Amino acid sequence: MNICTRLKCDTCSTLIDCRIGMSNRDIQPFQFACPSCGEVIMFTLGTQESNLSGAIEIKNFKGLFDGQNPFVDLHLDFPASFETYKMGGTTYMKAVEELGAEAIGNLSYRLSMLNLLYSKQRDLQRLITQYKRGNIKSFKKICNDFEIPEITLKSEKKEDVLAALYSVTSIMSSPITIHAQNEELSKKIPLILQDLYEKYNKNTTNFVNKIIENQFLENLHHDCLDLYPNIVSLDLPIRPTLYYDYINSSEHSKVPARVSTSDFGTCSNFYKDLAEVFSRQLVLLAGLNNLHNRGDHDLFDDKVRLNKKGKIIKEFSSLNSYANVDLGKKLGAIDNPFYQIDKQAIDNNLRNSIAHYKYDYDEASQQIAYYPKKEGMQRNIEHSLYFIQFMRKTLLLFREVHNLNHVIKSLLYFKIFILRKE
Ligand SMILES: [Zn+2]
């Protein structure tokens, strides 16, 4: 179903023709910029009041759009276009045409899962807080509050608490992650750990003991957990990016498409947080990879470790030094990895620009310009991408963090069952 309405911008009085495609989400908050003056216009469907702000609705508008006014096409679930109005060419119909019935069916299923789960964000937050505090009684109570049969606490043993915790984070993120990827890594990592323990018993034990004793593993686990309620709270701007799971990734960079809700300012810091946690997860991955390839968690490949004169580069002299290396440099130091990272997700320039507040966001075009280079007082070298591409990167980076969370999980089980530590 579509609603066609005409709005008048509060700021510049421009008339805006607006077509809204309905999602199945109960509450639908929309946000877009006036195509003429760029001021933000917002309204919400599915609540008692529409909360229209930034514009007024032309009450007596009954007719069809005639192409005289700027046009915006909105839909929470799909990328919306910036193109001119075409009758019948709705966002949904365009998506059906491009993806085909099967893919649309699959995507709709994931979106309806998201509709069910997003309201449980608060429970997820509470559960993680109680887990981190070690309050098992409250943890158990919140598990029951979810009212999802898979989420139960069998006993108060550490392994059962972990199992319940990982069921919750997996289920809550299931509509936005890729099941096959999760399954692959959650099966592969325990086998790799077992293999390492057999081949390099002492070094593997030392490595795991070390990251337990210096609390690196626990701190990383806690920081990683904190990202789950955040991604669920960003369900609105994430929704249209799921569309790109079904088309060739090179295609979507060419077509400017719009997110019908939220803006870059609301979401930018989350990418930075994801990159921070991911960067520390890489330390785990590098340690295990060094063990896997050379039997010593500190020993990086000679091509990484040594400079042209054959001297050891300090940054790659141990895993501890590697932990301080910039994200951009970290990736290249993991040789012949047992897990392939999706490079599309990582944009260190973007991360740095957000961290240093060196970006401009144009609400009307939803274009982000960012300036990662150190240029003194100037801002000349510009990189740019659309907000929807940014949200896609956020989604992909979350998936990487979620995948590597399986490594953390396996190490925690290793601690309980192999090292017999509480
Ligand atoms: Zn305006």
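FYI, side chains are in, hydrogens and waters are out, and symmetry mates aren't considered; it's all heavy atoms of this structure. Keep in mind that what you see is a predicted model, and the values were worked out from it rather than measured. Each ligand, and each atom within it, is numbered from 1 in the order the structure gives.
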Note to self: Taking D342 first and then K393, would you say they form a salt bridge - that is, a charged N and a carboxylate O separated by under 4.0 Å?
What the structure shows: no
Notebook entry, point to check: Under 2.8 Å from the Zn ion (ligand 1), which protein N/O/S atoms are there?
Noted result: C9 SG, C12 SG, C34 SG, C37 SG
Check: Any idea which heavy atoms bring L74 and A80 closest together, and the distance?
Finding: CA-CB, 4.4 Å
Extract all donor-acceptor atom pairs below 3.5 Å that involve side chains of residues 186-193 and protein atoms in other chains or at least two apart in sequence.
unit_1 : atom_1 : unit_2 : atom_2 : d
S186   : OG     : N182   : O      : 3.0
S186   : OG     : E183   : O      : 3.3
K188   : NZ     : F338   : O      : 2.7

Item checked: D145 with K120: basic N within carboxylate O range, under 4.0 Å -> no
Note to self: Is the distance from the ring center of Y357 to that of Y359 below 6.0 Å?
What the structure shows: yes
Item checked: Close aromatic pair by centroid cut-off 6.0 Å: Y228 and H402 -> yes
